[in-house]
Trainee: 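Once you've had a glance at the structure underneath, I'll fire off some questions.
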There are 2 protein chains.
Amino acid sequence: MARWEPDARGRLLQAAVELFDDRGYDATTAAQIAERAGLTKTTLFRHFADKREILFQGQDELVALAVGAVESAPRQSTPLEIARGSVRALCSIHIEERRDIRRRLVTILPSSAELMERAVFKRSAVTEALRSALAARIGDSRRAGVLADAAIRAYYDGYASWVASGERGSLADVVDGELDAFSAALGDALHTR
Amino acid sequence: MARWEPDARGRLLQAAVELFDDRGYDATTAAQIAERAGLTKTTLFRHFADKREILFQGQDELVALAVGAVESAPRQSTPLEIARGSVRALCSIHIEERRDIRRRLVTILPSSAELMERAVFKRSAVTEALRSALAARIGDSRRAGVLADAAIRAYYDGYASWVASGERGSLADVVDGELDAFSAALGDALHTR
DNA sequence: GTCTATACAATGATAGAC
DNA sequence: GTCTATCATTGTATAGAC
């Protein structure tokens with residue numbers, strides 16, 4: 001027997017997304033979100049470090065996935081294959097249950113400078129984690145940087161087009177195709193014209 | 001005859017850097033900064049959009065420099081040369097007058113999550129502006145992305161080592177050398193091993 | 001171990017006077 | 001352009017309820 005309604009976190013997330021969606025992120029207060037979830041502001045901030053963080057995946061989780069995949073890549077993998085495994089691993093966080101939230105985020109996110117800042121920061125943190133793990137693995141910091149940038153770019157571009165398409169097919173496949181295109185671009189980048 | 005002491009903005013910046021440096025960014029309030037500059041909190045927020053923004057270059061200025069250089073690049077330039085011109089242009093914002101501030105920023109910036117978020121956002125905004133201008137110029141969005149990432153990486157890495165070295169030599173030369181190394185890394189990125 | 005109540009400090013916005 | 005004053009909101013801190 002629970003003393004409280006279960007899944008406080010989930011209810012807060014749902015309430016937040018609905019409010020952000022119809023009255024805007026900035027116009028929604030933390031107190032309003034908590035109230036709609038049947039909780040108080042204090043409790044909201046027990047579950048989320050700040051208002052922005054409600055909408056994002058935990059950074060530790062993302063970094064652990066990206067780095068874990070690099071470290072467990074087969075011994076004979078090429079650098080590109082290692083980077084590919086890392087962004088493929090990142091695809092697994094986008095579970096079906098959050099599909100509705102993903103769809104709404106497309107409009108909510110760019111509507112707030114505060115949210116964009118947080119989103120960009122997460123991307124940068126994952127990129128740096130991947131770069132650093134790759135550098136340790138292949139022993140070349142600059143190549144690691146170039147590959148991490150390209151792989152994360154493929155991941156984000158692939159994610160955007162996957163969501164825009166109504167999530168047709170598997171995200172991992174979309175990202176895979178995107179990474180093929182970016183690795184071709186890497187090879188061509190220095191060609192004249 | 002001025003009714004007030006001149007250079008309010010400069011005094012605010014100086015006061016902020018000194019306070020951040022010796023008592024920490026988070027432990028310094030906007031009111032304290034204003035007071036040390038002989039002004040009030042209201043005036044501080046007339047000069048700077050928020051507390052973080054005190055320490056950074058204006059985003060419009062950075063973007064205009066990066067994009068302007070791309071648009072004014074000679075017709076026969078290679079994509080790499082265009083990107084090089086863009087990051088060289090960015091070097092010009094680091095004027096001698098701000099040398100003291102740059103030195104202190106090395107420790108202040110990473111001490112605050114809030115500041116790191118803003119710094120990363122600016123980097124991302126400049127990267128995107130460069131990518132987009134390059135894409136328009138060379139007609140290939142993915143190559144533009146790869147080149148923008150590499151050039152901005154060269155710029156930031158070069159900047160960091162230039163500051164760490166006590167600003168020996170010209171920043172543009174340091175960044176130039178860094179970009180040579182990164183373009184070599186671009187060519188090698190896909191090689192096995 | 002999760003929630004509530006209350007009080008609090010700081011950011012940043014706003015309105016009106018000089 | 002600056003000042004005083006007031007304000008809403010975020011986010012923290014504390015202490016207690018179930």
Trainee: Counting only non-hydrogen atoms, which of residues 10-24 of chain A are less than 4.0 Å from DNA chain C?
Mentor: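 Residues of residues 10-24 of chain A that come under 4.0 Å of DNA chain C do not exist, since none gets that close.
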Trainee: How long is the line joining CG of B:Leu44 and C1' of C:dT11, in whole Å?
Mentor: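 Rounding to the nearest Å, CG of B:Leu44 and C1' of C:dT11 are 11 Å apart.
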Trainee: Any pair with a residue in residues 65-82 of chain B that passes salt bridge (Lys or Arg N to Asp or Glu O under 4.0 Å), sequence neighbours left out, goes on the list, sorted by first then second residue, please.
Mentor: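 Output for this query is empty, none listed.
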Trainee: Return the value, rounded to whole Å, for the distance between atom CG of B:Asp7 and atom P of D:dT2.
Mentor: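 Rounded to whole Å, this separation is 10 Å.
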Trainee: Report, one line per pair, each donor and acceptor closer than 3.5 Å where one atom sits in a side chain of residues 6-13 of chain B; sequence neighbours left out.
Mentor:
unit_1, atom_1, unit_2, atom_2, d
B:Asp7, OD1, B:Gly10, N, 3.1
B:Arg9, NH1, B:His47, O, 2.8
B:Arg11, NE, B:Ala37, O, 3.3
B:Arg11, NH1, B:Glu5, O, 3.3
B:Arg11, NH1, B:Pro6, O, 3.0
B:Arg11, NH2, B:Ala37, O, 2.9

Trainee: Quick one: which of C:dT11, D:dT2, C:dC3 gets closest to the side chain of B:Ala30?
Mentor: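 Looking only at side-chain atoms, B:Ala30 lies closest to C:dT11.
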Trainee: Run the side chain to side chain contact (heavy atoms under 4.5 Å, CB included) test against A:Gln32 and tell me which residues pass, sequence neighbours left out.
Mentor: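 For A:Gln32, the residues satisfying side chain to side chain contact (heavy atoms under 4.5 Å, CB included) (neighbours in sequence not counted) are A:Leu19, A:Arg23, A:Thr28, A:Thr29.
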Trainee: When the distance from CZ of A:Arg9 to C1' of C:dG1 is rounded to whole Å, what number comes out?
Mentor: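 Taking CZ of A:Arg9 and C1' of C:dG1, I get 16 Å after rounding.
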Trainee: Quick one: list whatever passes side chain to side chain contact (heavy atoms under 4.5 Å, CB included) with A:Ser161, sequence neighbours left out.
Mentor: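 Expected list: A:Val174.
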Trainee: Could you run through nucleotides 11-18 of chain D and give me one letter per nucleotide, 5' to 3': B if any protein heavy atom sits under 4.0 Å from the base, S if only the sugar-phosphate is that close, - if neither?
Mentor: BBB----B
Trainee: Do any side-chain nitrogens or oxygens of A:His47 fall under 4.0 Å of OP1 or OP2 in C:dC3?
Mentor: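 True: A:His47 side-chain N/O within range (under 4.0 Å) of C:dC3 OP1/OP2.
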Trainee: Which part of the nucleic acid does A:Thr29 contact within heavy-atom distance under 4.0 Å: base, sugar-phosphate only, or nothing?
Mentor: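 Counting heavy atoms under 4.0 Å across all strands, the contact made by A:Thr29 is with sugar-phosphate only.
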Trainee: Whole angstrom is fine here: how far is it from CG in A:Asp26 over to C1' in C:dT11?
Mentor: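 To the nearest whole Å, that distance equals 14 Å.
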Trainee: Listed by chain and number, what are the side chain to side chain donor-acceptor pair (under 3.5 Å) partners of B:Thr40, not counting sequence neighbours?
Mentor: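 Partners of B:Thr40 by the side chain to side chain donor-acceptor pair (under 3.5 Å) criterion, ordered by chain and then number, come out as B:Thr43.
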Trainee: Is any NZ, NE, NH1 or NH2 atom of the basic residue among A:Arg131 and A:Asp149 found under 4.0 Å from an Asp or Glu carboxylate oxygen of the other?
Mentor: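 The answer is no: the pair does not qualify as a salt bridge.
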Trainee: Check side chain to side chain contact (heavy atoms under 4.5 Å, CB included) between B:Gln59 and all other residues, then give those that pass, not counting sequence neighbours.
Mentor: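 Checked B:Gln59 against side chain to side chain contact (heavy atoms under 4.5 Å, CB included); matches are B:Val63, B:Phe121, B:Lys122, B:Ala125.
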Trainee: Would you kindly give the CD-to-P distance between A:Glu5 and C:dT4, to the nearest whole Å?
Mentor: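 Rounded to whole Å, this separation is 11 Å.
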Trainee: Just to verify, what does B:Asp157 make a side chain to side chain donor-acceptor pair (under 3.5 Å) with, not counting sequence neighbours?
Mentor: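 B:Asp157 satisfies side chain to side chain donor-acceptor pair (under 3.5 Å) with no residue once adjacent residues are dropped.
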Trainee: Check the distance between C:dT11's P and B:Ile54's CD1 and give it to me in whole angstrom.
Mentor: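 The answer, rounded to whole Å, is 9 Å.
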Trainee: Closer than 3.5 angstrom, by distance alone: can the side chain of A:Trp162 be matched with the main-chain N or O of A:Gly169 as a donor-acceptor pair?
Mentor: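 Yes; at least one donor-acceptor contact below 3.5 Å.
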Trainee: Is the phosphate of D:dG1 approached by B:Thr43 (side-chain N or O, under 4.0 Å from OP1 or OP2)?
Mentor: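 No, B:Thr43 has no side-chain N/O under 4.0 Å of OP1/OP2 on D:dG1.
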